Amino acid sequence: VTLVAGGVQPTVLSLFGRGDDAGKIGRFAVIVGFVGMIGGVLVAWVPPLTALVVEDLLGASGRLAELTTVGLRLLSFLPPLMTVEQLYAAALLQTKRTRALVWVNVWRLVGLIAFVVLVPLSTNWSGAAIGAGAVSFTLTIEAVFAWVYGRPAFAELRERSRSTAGERW
């Protein structure tokens with residue numbers, strides 16, 4: 001999951017720093033996320049590919065293979081959320097609004113605590129499902145709050161890139 005999305009934030013930061021068009025940077029990040037999701041969904045939901053990765057490459061079998069598949073399926077849809085989070089977090093960093101990033105992570109922590117307290121008490125999920133669910137839930141919260149806090153920063157960068165587009169060439 002993080003293999004595809006992991007390099008988005010430093011790439012986006014460098015493109016923002018060069019003054020590239022923020023709209024194009026945003027589209028790039030979203031495309032990277034969806035390409036990553038397609039790969040993840042194929043591996044998690046197409047049985048021959050799942051078996052190839054889980055059983056052949058990772059060497060899991062039996063119950064471990066089942067639990068690994070559950071985790072992969074819960075995480076397979078995350079790359080677009082992760083790249084959106086990284087895009088807006090990079091916008092916050094580029095505009096030096098770092099306090100907002102603290103709040104993004106505070107909300108993620110609150111979500112994690114709520115998830116870890118409530119889900120085991122109200123479900124019969126396996127530990128692997130709870131772990132993958134916690135990661136999915138908290139990364140979703142992080143993406144939502146990065147978007148909420150980062151929209152003004154991204155709008156500022158978009159306006160900057162529009163106003164300087166002709167100056168660079």
Side-chain angles (χ1 to χ4, degrees), residues 1-16 22-23 25-45 50 53-54 58 60 63-158:
V1 172
T2 60
L3 181 66
V4 172
V8 169
Q9 189 170 22
T11 303
V12 167
L13 273 170
S14 68
L15 294 172
F16 281 150
I25 295 169
R27 285 189 293 279
F28 163 76
V30 170
I31 289 168
V32 167
F34 277 101
V35 168
M37 183 186 73
I38 290 167
V41 165
L42 287 173
V43 167
W45 295 92
T50 306
V53 171
V54 173
L58 296 178
R63 181 78 172 137
L64 181 58
E66 289 175 35
L67 294 174
T68 303
T69 301
V70 168
L72 283 174
R73 289 181 175 169
L74 285 170
L75 299 172
S76 67
F77 296 100
L78 286 181
L81 288 173
M82 293 173 67
T83 56
V84 164
E85 181 274 329
Q86 291 183 16
L87 172 68
Y88 285 98
L92 289 166
L93 287 169
Q94 186 67 29
T95 58
K96 303 195 180 359
R97 299 176 188 184
T98 54
R99 184 168 292 164
L101 288 173
V102 172
W103 282 108
V104 167
N105 285 295
V106 165
W107 287 116
R108 181 180 178 185
L109 179 61
V110 168
L112 175 63
I113 292 168
F115 190 92
V116 170
V117 168
L118 297 175
V119 170
L121 295 175
S122 60
T123 69
N124 284 337
W125 290 3
S126 68
I130 290 172
V135 169
S136 296
F137 183 71
T138 58
L139 288 177
T140 300
I141 288 174
E142 185 176 11
V144 167
F145 280 102
W147 174 77
V148 167
Y149 288 111
R151 280 182 317 154
F154 186 77
E156 179 184 322
L157 291 169
R158 178 176 269 170

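Treat the numbers as computed from the prediction; the structure is a model and nothing was measured. The chain is numbered in sequence order, starting from 1.
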Give the C-alpha distance, both sets of side-chain angles, the deciding distance and a yes or no for salt bridge (Lys or Arg N to Asp or Glu O under 4.0 Å) between Arg108 and Glu85.
CA-CA 12 Å; Arg108 181 180 178 185; Glu85 181 274 329; over 6 Å; no
Verify side chain to side chain contact (heavy atoms under 4.5 Å, CB included) between Phe115 and Ile130, making sure each step is shown before the conclusion.
CA-CA 9 Å; Phe115 190 92; Ile130 290 172; 4.3 Å; yes
Determine whether Leu87 and Val8 satisfy the following criterion, side chain to side chain contact (heavy atoms under 4.5 Å, CB included), listing intermediate values before the conclusion.
CA-CA 7 Å; Leu87 172 68; Val8 169; 5.6 Å; no
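To the nearest 0.5 Å, atoms CD (Glu142) and CG (Leu112) are separated by 11.5 Å. Between Phe137 atom CZ and Ile141 atom CD1 the span is 3.5 Å, to the nearest 0.5 Å. For the atom pair Leu93 CG and Tyr88 OH, the distance stands at 15.0 Å (nearest 0.5 Å). Atom CE of Met82 sits about 10.5 Å away from atom CD of Gln9, to the nearest 0.5 Å. With rounding to the nearest 0.5 angstrom, the CE atom of Met37 is 13.5 Å from the CG atom of Leu75. In this structure, CZ on Arg158 lies 9.5 Å from CZ on Phe16, to the nearest 0.5 angstrom.
The main-chain N or O of Leu74 is found under 3.5 Å from a side-chain atom of Ser136 such that the two form a donor-acceptor pair. Panel note: side chain Thr138, backbone Val135; a donor-acceptor pair is recorded below 3.5 Å.
Nearest heavy atom pair, residue Leu67 against residue Ala128, reads CB-CB, 3.8 Å. Residues Gly7 and Thr11 share a closest heavy-atom pair of O-OG1, 2.7 Å. Contact detail for Ala129 and Val70: the closest heavy-atom pair is CB-CG1, 3.9 Å. Here the closest non-hydrogen pair linking Ala153 and Ala91 is CB-O, 3.6 Å. Between Thr123 and Val119 the shortest heavy-atom distance is OG1-O, 2.8 Å. When every heavy atom of Gly33 is checked against every heavy atom of Pro80, the shortest pair comes out as O-CD, 3.5 Å.
Looking at Thr83, Leu78, Val84 one by one, the single match for side-chain contact (heavy atoms from CB on, under 4.5 Å) with Leu81 turns out to be Leu78. When each of Val32, Val30, Ile31 is tested with Phe28 by the rule side-chain contact (heavy atoms from CB on, under 4.5 Å), just one qualifies, namely Val32.
In this structure, Arg99 is not positioned above the aromatic face of Trp103 in the sense of NZ or CZ being under 6.0 Å from the six-membered ring centre and within 45° of the axis.
By the 4.5 Å heavy-atom criterion applied to side chains, Arg97 and Pro152 are counted as neighbours. With a 4.5 Å cut-off on side-chain heavy atoms, Val41 and Phe77 count as touching. Counting heavy atoms from C-beta on, the side chains of Tyr149 and Leu101 never come closer than 4.5 Å.
Ring planes of Trp107 and Phe145: parallel class, angle under 30° (limits at 30 and 60°).
Among residues two or more places apart in sequence or in another chain, the side-chain hydrogen bond (donor to acceptor under 3.5 Å, both in side chains) test is passed with Arg73 by none.
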